[in-house]
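Here is the structure we will look at.
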Amino acid sequence: MESCEIAIVGSGFAGSLLARVLAVLGYDVVLLERGTHPRFAIGESSTPLGNLSLERLGIRYGLEDCYQLATHGRWLAHFPELRRGLKRGFTFYRHHPDQPLANRGLDSERLLVAASPHDSLSDTHWLRADVDHHFVRQAIASGVDYRDRVDLTSADVASDSVQLEGNRNGAPFKLRANFVIDASGPGGFLARQLSIPSGLAHTETRSAIVFSHFDGVQLMRDAAPGMPEGPYPDDWAAVHHLIDEGWMYSLRFDDGVTSAGFLLTPRGVASLNLPDAPDAALLWHSLLQRYPTLGSAFADAKPLMPIAFRPVIQHRLTRAAGERWALMPHAYAFVDPLFSTGIAWSLRAVERLALAFESAALERRVPAMDVLTRYETALGEEADQIDLVVAGAYEAMAHFDLFAAHAMLYFGTVSFAEISQRLTPDDTVAWKGFLGVGDPVLAPLPRESLRRLREITQRRGEIGTGNDRRGFTEWVSGAIAPRNVAGLSRPERRNLYPVDFDALIERHALLGMSRDQILAALPMLRGMAPEPAFTEPHHGGDTLPLTTRVLNSLR
């Protein structure tokens, strides 16, 4: 029987990148894939926190491509062949049935929040077929033993190893590993083999999805012309269309292809009177017909693959790690693509497991159980937090003012984390809580927001009184004030938020820094810092000089 130190099941970007890092650390890694690359995948929108993780991984482990793929400008300069889209921020519109999107100037139901000061530093939409394939190729080049077309059927977890069995290309396949990481996604392999119970009943968010990739989607500036100028062009963002039944995402790639999908609440699905097995294409077109501006934007769009429908996209398990195994976030839990948390959360987990194996490399070669428990606890708390943030957003969609106010909790949290990580980096940042977990100010806010919203909406989609909505907006503004370094929740902005360095300078004390310290850091925040130097890896089990120094420091 073949053997290895670490087996990783699933070769999406997270599994492949972790496999590569572990190979750089000197581990014998086998990466197992049920299908082949390139392949279609959704989960395509990066964020500043995800890009920071990618940069840290690149710098710490000498992976230059990770650093270059962390901004749109560097991506174009170094990897133009990998398809991607410019993402300057988050755009939201509120649509109403049988009415075109109303252009009421600065009073329009429209919210734009910039995530970068200019195009070169912007986030990206990842064309996952290209990006995932790239990370697989880089893993192979780093010494990872990659096997595709592997259908695993059993996992026997013992005290000293895990034995995997299945077939590859019709022939029996057996592999003994010291440790197994499941990066295979929802309903993953280890969840089935270990009979891990579901924890979905204890979560708040439920949605269905109908989706595809499309060619020929019209820009919103053409479908709804004349909107006041925002901090960036509306379309070059993660575009969210809020509707009565849920919301629609629209992610435009630089080559003109658009990834789009409707997320529908249970109440929204029920209102459509769908058959038990609805025709996805008919459902798609019926939603477009109900919302004229969306119908206009997609009037000439052609799906590049069959439109697909999934009745429930949420999943949640009750365990994320054990003595000889661990789950990546997407195998453990998934909530909803609203607010684009998936890539950033997965990359944070790559960092954590990389550090865990880095610490173990000199002794046991597998992480200690207390480290795995810490990892599991972090994922559980963060999955709860994401669920609460998204559930509150769905509750708030009843009225755009409520939604825009609730969204400030998310943007206040992530902007504070991003600025803190950029200005005061340290080696423990990967273990800091995602989405405000562990922060005494921010951690309680999503749950409290959901509670307050449900008092207003009565869980029936009601909009509440004007006083209700104003009171909620004022509460959010006060609640995030101790962490609001981005100038959010300001009525004079009229829901159009640029990257505001003046607000950052003004609120320097919230970061524990002086005004002069913030001023000195502005060139770096504007992208003027020199790029780090990278050393080419030595394959065949040797590690990078950088990583050797990291390991030596642990002795």
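Side-chain atoms are counted along with the backbone in the values below, which use heavy atoms only and exclude waters and symmetry mates.
Using cut-offs of 30° and 60° on the angle between ring planes, the pair His37 and His133 is parallel. Aromatic ring orientation, Tyr410 versus Phe339: parallel (interplanar angle below 30°, classes split at 30° and 60°). Ring geometry for His240 versus Phe90: interplanar angle under 30°, hence parallel rather than tilted (30 to 60°).
Residue Leu510 holds its CG atom at 9.5 Å from CD1 of Ile518, rounded to the nearest 0.5 Å. Rounded to the nearest 0.5 Å, atoms CZ (Phe416) and CG (Asp439) are 6.5 Å apart. In this structure, Leu522 CG and Leu504 CG are separated by 6.5 Å, a value rounded to the nearest 0.5 Å. The OH atom of Tyr93 sits 15.5 Å away from atom CD1 of Ile243, with the distance rounded to the nearest 0.5 Å. The CG atom of Leu294 lies 5.5 Å from the CE atom of Met248; values are rounded to the nearest 0.5 Å. Note: Trp247 CH2 to Thr265 OG1 = 13.0 Å, rounded to the nearest 0.5 Å.
In the model, Thr203 has a side-chain atom that pairs as donor or acceptor with a side-chain atom of Arg206 under 3.5 Å. If you check the side chains of Arg483 and Thr413, you find no donor sitting under 3.5 Å from an acceptor. In the model, Ser46 has no side-chain atom that pairs as donor or acceptor with a side-chain atom of Lys87 under 3.5 Å. A donor atom on one side chain and an acceptor atom on the other are found under 3.5 Å apart for Asp254 and His72. Under the 3.5 Å distance criterion, with hydrogens and angles disregarded, a donor-acceptor pair is assigned to the side chains of His96 and Glu109. For the residue pair Asp119 and Ser122, no side-chain donor N or O sits within less than 3.5 Å of a side-chain acceptor on the partner. The closest side-chain donor-acceptor pair between Thr47 and Asp123, if any, does not fall under 3.5 angstrom. For the residue pair Gln385 and Arg447, no side-chain donor N or O sits within less than 3.5 Å of a side-chain acceptor on the partner. Between the side chains of Trp345 and Glu382, at least one donor N or O lies within less than 3.5 Å of an accepting N or O. Side-chain N/O atoms of Asp336 and Thr205 include no donor and acceptor closer than 3.5 Å. Side-chain atoms of Tyr232 and Ser116 form no donor-acceptor pair, as typed in the model, at a separation below 3.5 Å. Residues Thr457 and Glu462 have side chains that never bring a donor and an acceptor to within less than 3.5 angstrom of each other. Inspection of the Thr428 and Asp426 side chains reveals an N or O donor paired with an N or O acceptor under 3.5 Å. Side-chain N/O atoms of Gln314 and Ser207 include a donor and acceptor closer than 3.5 Å. Side-chain atoms of Arg469 and His399 form a donor-acceptor pair, as typed in the model, at a separation below 3.5 Å.
Remark: Asp132 engages Arg128 in a salt bridge (charged side-chain N to carboxylate O under 4.0 Å, His left out) (not counting sequence neighbours). In this structure, the salt bridge (charged side-chain N to carboxylate O under 4.0 Å, His left out) partners of Arg494, at least two apart in sequence or on a different chain, are Asp107. Shown here are the salt bridge (charged side-chain N to carboxylate O under 4.0 Å, His left out) partners of Asp65, two or more places apart in sequence or in another chain: Arg20. Considering only residues two or more places apart in sequence or on other chains, His134 meets the ring-ring contact (aromatic ring centres under 6.0 Å, His included) condition with Phe79. Residues forming a salt bridge (charged side-chain N to carboxylate O under 4.0 Å, His left out) with Arg451 (at least two apart in sequence, or on another chain): Glu448, Glu455.
For the ring pair (Phe, Tyr, Trp, His ring centres under 6.0 Å) with Trp284, the lone residue among Tyr291, Phe211, Phe214, Phe309 that qualifies is Phe214.
Across every non-hydrogen atom of Gly380 and Tyr332, the tightest pair is CA-OH, 3.3 Å. Nearest heavy-atom pair across Gly461 and Ala398 is O-CB, 3.4 Å. Summarising the geometry of Asp468 relative to Ile456, their closest heavy-atom pair is O-CD1, 3.7 Å, with the distance given to 0.1 Å. In this structure, Leu18 and Val350 approach most closely via the heavy-atom pair CD1-O, 3.9 Å. Here the closest non-hydrogen pair linking Ala224 and Thr293 is CB-CG2, 4.2 Å. In this structure, Glu531 and Arg74 approach most closely via the heavy-atom pair OE2-CD, 3.4 Å.
Residue pairs meeting the ring-ring contact (aromatic ring centres under 6.0 Å, His included) criterion with at least one partner in residues 452-484, sequence neighbours excluded, are Phe472-Trp475.
A salt bridge links Glu418 with Arg422: the distance from a Lys NZ or Arg NE/NH1/NH2 to an Asp or Glu carboxylate oxygen falls below 4.0 Å. Remark: Arg454 engages Glu395 in a salt bridge, criterion side-chain N to carboxylate O under 4.0 Å. In summary, Asp130 and Arg83 engage in a salt bridge, as defined by a charged side-chain N under 4.0 Å from a carboxylate O.
Between the side chain of Ser296 and the main chain of Ala223, no donor-acceptor pair closer than 3.5 Å is present. Under a 3.5 Å cut-off, the side chain of Ser108 and the backbone N or O of Gly105 do form a donor-acceptor pair. Looking only at distances, no side-chain donor or acceptor of Ser477 sits under 3.5 Å from a matching main-chain atom of Thr473.
Heavy-atom contacts from other residues, nucleotides or ligands closer than 6.0 Å to CG of Asn103 number more than 12. More than 12 heavy atoms of other residues, nucleotides or ligands shown are found within 6.0 angstrom of CZ on Arg490. Environment of CD in Gln458: crowded, with over 12 heavy atoms of neighbouring residues, nucleotides or ligands closer than 6.0 Å. For CZ of Arg310, the number of neighbouring non-hydrogen atoms (other residues, nucleotides, ligands) closer than 6.0 Å is 12 at most.
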Practice item. Before giving the answer on salt bridge (Lys or Arg N to Asp or Glu O under 4.0 Å), spell out for Asp234 and Arg110 the whole-Å C-alpha distance, their side-chain angles and the decisive distance to 0.1 Å. Key: CA-CA 10 Å; Asp234 289 32; Arg110 172 177 175 245; 2.9 Å; yes
Point to revise | Stepwise salt bridge (Lys or Arg N to Asp or Glu O under 4.0 Å) check, Asp244 with Arg94 | key: CA-CA 9 Å; Asp244 282 5; Arg94 180 60 161 101; 3.0 Å; yes
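Pro498 places a side-chain heavy atom less than 4.5 Å from the side chain of Arg493.
Ring to ring, Tyr249 and His241 are not that close: their centroids are 6.0 angstrom or more apart. Aromatic ring centroids of Trp126 and Phe13 lie under 6.0 Å apart.
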